[in-house]
Amino acid sequence: MSILDMLPQITERMRGHGITTLDYQKGKTSLRLSLEPAHTPDAASTPDSVFTATTPIPSPEMGCFQHMPDISDGATVRAGDIVGFVIVGAMRLPVLAPVSGILKLAPLPEGGIVGYGAPLGVVATP
């Protein structure tokens with residue numbers, strides 16, 4: 001199977017993980033994929049009364065929180081999406097959305113220190 005045959009699976013996985021650019025090179029063959037960022041509804045346009053539950057997003061470990069550059073407050077996320085990382089030394093631990101819904105991040109500075117289990121935000125669901 002060639003890389004061209006795999007394009008539908010590659011683009012689906014890119015979109016599923018919020019990746020907008022991919023460079024691939026093998027020997028003399030190279031490929032660059034650039035996807036438009038997924039449209040996310042404006043959280044301000046969604047009335048709070050639509051949401052009936054919020055699920056907290058806990059920090060997986062004590063460390064420094066790093067936001068995902070292409071996911072912002074009010075973005076629509078799916079369960080398992082990476083919404084950031086907690087950096088502990090040389091390790092980057094992914095912070096995953098526990099459920100699908102609208103992301104509401106805690107007001108943390110980039111690189112701010114967080115404790116184990118500290119709330120990094122919530123996912124609001126209807």
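In what follows, every heavy atom counts, from backbone to side chain, and hydrogens, waters and symmetry copies are set aside.
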**Message:** On a heavy-atom basis, which atom in I82 and which in I71 lie closest, and how many Å separate them?
**Reply:** O-CD1, 3.2 Å

**Request:** Quick one: list whatever passes side-chain hydrogen bond (donor to acceptor under 3.5 Å, both in side chains) with Q66, sequence neighbours left out.
**Result:** R92

**Item:** Cluster overlap F85 with M91, hydrophobic side-chain contacts below 4.5 Å
**Value:** yes

**Asked** With sequence neighbours excluded, what pairs up with V99 under the side-chain contact (heavy atoms from CB on, under 4.5 Å) test?
**Response** T55, V123, T125

**Request:** Looking only at non-hydrogen atoms, find the nearest pair between A106 and P119 and report the distance.
**Result:** CB-O, 3.9 Å

**Message:** I'd like to know if the side chain of T54 reaches the main chain of A124, judged simply by a donor and an acceptor atom lying under 3.5 Å from each other, with no hydrogens or angles considered.
**Reply:** no

**Complete:** When rounded to the nearest 0.5 Å, the distance separating CG of D73 from NE2 of H67 is 8.5 Å

**Message:** Please give me the minimum heavy-atom distance between V95 and P60, naming the atom from each residue.
**Reply:** CG2-CD, 3.9 Å

**Asked** In terms of hydrophobic clusters joined by side-chain contacts under 4.5 Å, are L105 and V122 together?
**Response** no

**Fill in**
Interatomic distance, CD1@I87 vs SG@C64, rounded to 0.5 Å, equals 7.0 Å

**Message:** According to a hydrophobic-cluster definition based on side-chain heavy atoms being under 4.5 Å apart (Ile, Leu, Val, Met, Phe, Trp, Tyr only), do Y116 and V86 belong together?
**Reply:** no

**Smallest separation among heavy atoms of G63 and V88, with atom names** = CA-CG2, 4.3 Å

**Item:** Rounded distance (nearest 0.5 Å) linking atom CD1 of I113 with atom CZ of F65
**Value:** 14.0 Å

**Complete:** The reported gap from CG in D70 to OG in S72 (rounded to nearest 0.5 angstrom) is 9.0 Å

**Prompt:** Any idea which heavy atoms bring I57 and L96 closest together, and the distance?
**Reply:** CG2-O, 3.9 Å

**Request:** Start with the C-alpha distance between D81 and L103, add both sets of side-chain angles, then the distance that settles side-chain contact (heavy atoms from CB on, under 4.5 Å), and finish with yes or no.
**Result:** CA-CA 11 Å; D81 282 356; L103 178 66; over 6 Å; no

**Complete:** Between P58 and G117, the two heavy atoms sitting closest are CB-O, 3.9 Å

